[in-house]
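Right, one structure below, let's go through it.
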There are 2 protein chains.
Amino acid sequence: MLADVAREAGVDPSTASRVLRGTVARVSPETRKRIEEAAQRLAYHANATARALRLARTEAIGMVVPQLDNPVFSTTIGGAQRAAEEAGYALLIVHQEPGASTADLARRLDASRRVDGWLIAAADEDAALRDALATLAVPYVVLNRQMQGVPFCAALDNAAAARMAVEHLLSLGHRRIGHLAGRLQGYNGMGRLLGYQQALQAAGLATHPELVAEAGYTVGGGAEGMRRLLPARPTAIFAATLVAAAGALRSLHEAGWGVPHDISLIAMHDGPVAELVHPPLTTVRMPTSRMGQVATEALIALIEGRGAERPAILAPEGLILRASTAPWTGND
Amino acid sequence: MLADVAREAGVDPSTASRVLRGTVARVSPETRKRIEEAAQRLAYHANATARALRLARTEAIGMVVPQLDNPVFSTTIGGAQRAAEEAGYALLIVHQEPGASTADLARRLDASRRVDGWLIAAADEDAALRDALATLAVPYVVLNRQMQGVPFCAALDNAAAARMAVEHLLSLGHRRIGHLAGRLQGYNGMGRLLGYQQALQAAGLATHPELVAEAGYTVGGGAEGMRRLLPARPTAIFAATLVAAAGALRSLHEAGWGVPHDISLIAMHDGPVAELVHPPLTTVRMPTSRMGQVATEALIALIEGRGAERPAILAPEGLILRASTAPWTGND
DNA sequence: CCGATTTGAACAATCGTTTGTTCACGAGAG
DNA sequence: CTCTCGTGAACAAACGATTGTTCAAATCGG
């Protein structure tokens, strides 16, 4: 307690507070020294609750995350945590249960005023979420997706990443390139499909509907989607996610197609899984950690009244070449 | 604000507080109704900070987690979150950066008094951690490991899980069973090795040092460990973790050993990865969610002064049979 | 040497709740 | 009709920190 420090130093708590907080004030060097030593001796740390009440800010920010085990989010959290710490904020993570609505969660959490702002790494993206966000008492930013009418959002440049992946396949000589898409309703899935189509068109290739299958974000979906693509005899596949790619590997194996001998496979989002499967997957590495960082910095700027920036769309970091892609040598 | 509700209802804030908190008090039905309606109308929620200051408890518990993307921890978090919510506590997760010391982190976080207790899912287990925990101002419990001299800990019964895995391999007719161990210094790694040895001894089999390799918790470690085991020509492997098993699959593939045709593979800890690799892995499912739950319940009991229970050692939930194990038919 | 000014530090209010205590009023007992 | 008691609700003091204001002593100029 501050009062203990003050008593120990023989001063008023207000004086102790000014010294310890570094507030500009007229305090003699001796008094300052006595207070600092007393604080040291008593291992004083200001009670965050009392500070929060008096200052009307908690110096903490909350982050709502679905799927903590998704490497996209765990690296994003890393970036967010560093940025928060840098600015003197604590980052408190709240796990969104699979069934729970982000809208409800945000509203419920907001009511208690435990944090100064929210990082929303939303899985869903419905009108209910937008409404709920609009009623929040504190600033917020949205991660991992663009959203109209929010103060700030940080998203990945899915189209650029998809183009990078497809261009890599093109450079290896592939011409019949399939796409295992994510959810085509979703922001990320849609952007990746778009980039895939852009890359093909830029190369003067037609897009064939039978070369695209919606796979979602599960192993089963990837396996099923890959089975649907097989009849179109692609020589390479761009998968929208690692997990779908792992599912694709299973189907390819069952069908007796060798990777990368018979077909190349590239996936978006690098992560540990890329090295767990056989063959290890070539991927496009995305700046997920940086996404967490810029979102957090923007949120803190909002909290501290330094205004909003424009949405950040983060370019891919580059290709991670592994064993799942190879030049196309066959006659197609 | 409570004062707004009170004004709206034409009563004193103290009366409004008593009604809204459900405190036993002498309040006329009409007054009660007016207050409740006013609170409803103003969408009143008590300010958690002010409550925390007055009550000297935050009604939140913190959880320190290394490796958020590890399925062991994400499911543990799920269990902890449900238990916390059940008891009216918020669960705030803090991510421990790979380099950071749990001891420092715990001390630093504790100083701010933001939570009523800590769930420590420690990765390291040194004396420094024990010392740091001993100085915490609030109760704490340790997860995922046993530890002497702490108020409570919840751990997995690694030996029982290892026995279950090995007994499965024995029942399939395997006699030369190898073990890809975790860190042999660590609590979990040691327990698994012990169970492996117990199961072999119970079956009247000798334990051969050349059938055990320390693999750690990485793909590379698993691959390397598996390579070291190959000369001993095991017919089955019990891997201490999924990730090590994935590494083992790589080495086996490179050596031209078919799974499960030439060698069976079973791993501890079920998780999404088990289905991503080829072949899908037979695993021992562990009660990680329940571990989170019991740890949280015990912590809340400590917080609320209901005394400590004895450490919980949680038995495995069972085998998940997939394609990586098969009866041994060869002549060994 | 005295009044004006600066300096150093205490005083006191406040943040939003909760809760022990006081108080006014009406009803019941004698 | 008065005294006592019970009821319903207001009053007021905390919780621990921060910060505007006040105040006494020291310093300075003339």
Side-chain angles (χ1 to χ4, degrees), chain A residues 1-39 42-60 88 90 110-116 137-138 304, chain B residues 1-39 42-60 88 90 110-116 137-138 304:
Chain A
M1 265 198 17
L2 183 59
D4 296 335
V5 175
R7 195 176 326 106
E8 177 94 359
V11 299
D12 186 84
S14 61
T15 305
S17 173
R18 282 184 245 255
V19 166
L20 296 174
R21 299 242 51 226
T23 313
V24 286
R26 299 172 298 197
V27 179
S28 72
E30 312 92 79
T31 306
R32 178 180 302 276
K33 183 150 167 290
R34 276 212 318 284
I35 292 170
E36 280 164 352
E37 286 176 355
L42 274 54
Y44 172 75
H45 286 272
N47 180 314
T49 301
R51 272 177 60 80
L53 182 59
R54 176 64 230 243
L55 301 177
R57 47 199 179 86
T58 60
E59 295 176 315
D110 189 57
S112 71
R113 298 281 196 293
R114 239 180 246 282
V115 297
D116 295 335
V138 295
E304 299 180 349
Chain B
M1 265 197 17
L2 183 59
D4 297 333
V5 174
R7 195 176 327 106
E8 177 94 359
V11 299
D12 187 85
S14 61
T15 306
S17 173
R18 281 184 245 255
V19 165
L20 295 173
R21 300 243 51 225
T23 315
V24 286
R26 300 171 298 196
V27 178
S28 72
E30 311 91 79
T31 305
R32 178 179 302 275
K33 183 149 166 292
R34 277 211 317 284
I35 293 170
E36 281 165 352
E37 286 176 355
L42 275 55
Y44 172 76
H45 286 272
N47 180 314
T49 301
R51 272 177 61 78
L53 183 58
R54 175 64 230 240
L55 300 177
R57 42 195 184 90
T58 61
E59 295 176 316
D110 189 56
S112 72
R113 299 281 195 292
R114 238 179 247 282
V115 297
D116 295 335
V138 295
E304 299 181 350

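Chain naming here is simple, since letters A, B, ... match the order of the sequence lines and numbering starts at 1 in each.
Put simply, CG on L53(A) and CZ on R54(B) are 12.5 Å apart, with the number rounded to the nearest 0.5 Å. One distance of note links CD1 of I35(A) with CD of E8(A); it measures 12.0 Å at 0.5 Å rounding. Once rounded to the nearest 0.5 Å, the distance linking CZ of R18(A) with CZ of R32(A) reads 12.0 Å. The NE2 atom of H45(B) sits 13.5 Å away from the CG atom of L2(B) when rounded to the nearest 0.5 Å.
Residues of residues 49-60 of chain B having a heavy atom closer than 4.0 Å to DNA chain D, listed by number: L53(B), R54(B). Taken residue by residue, residues 28-38 of chain A places no heavy atom nearer than 4.0 Å to DNA chain D.
Under a 4.0 Å N-O distance rule, the pair E30(B)/R34(B) does not qualify as a salt bridge.
The phosphate of dA9(C) has neither OP1 nor OP2 within less than 4.0 Å of any side-chain N or O from T15(A).
Side-chain polar atoms of T31(B) and S28(B) form a donor-acceptor pair below 3.5 angstrom.
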Working for side chain to side chain contact (heavy atoms under 4.5 Å, CB included), residues D4(A) and Y44(A): CA-CA 9 Å; D4(A) 296 335; Y44(A) 172 75; over 6 Å; no
Stepwise side chain to side chain contact (heavy atoms under 4.5 Å, CB included) test for R51(A) and R21(A): CA-CA 11 Å; R51(A) 272 177 60 80; R21(A) 299 242 51 226; 3.0 Å; yes
Worked verdict on E36(B) versus V19(B) for side chain to side chain contact (heavy atoms under 4.5 Å, CB included): CA-CA 8 Å; E36(B) 281 165 352; V19(B) 165; 4.1 Å; yes
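We find that CZ of R26(A) is positioned 11 Å from C1' of dT5(C), with the value rounded to whole Å. Regarding L2(B), its CG atom lies at a distance of 18 Å from the P atom of dT14(C), rounded to whole Å. Across the protein-nucleic acid pair, R113(A) atom CZ and dG16(C) atom C1' stand 11 Å apart, rounded to whole Å.
Nearest heavy-atom pair, R113(B) versus T49(A), reported as atom, atom and distance to 0.1 Å: O-OG1, 3.7 Å.
If you find the closest nucleotide of DNA chain C to Y44(B) and to G10(A), the one lying nearer the 5' end belongs to G10(A).
Read 5' to 3', the first and last nucleotides of DNA chain D with an atom closer than 4.0 Å to a heavy atom of chain B are dT7(D) to dG16(D).
If you check dG20(C), dT18(C), dT17(C) against the side chain of R18(B), the one that comes closest is dG20(C).
Not one N or O on the side chain of D116(B) forms a donor-acceptor pair closer than 3.5 Å with the backbone of R57(B).
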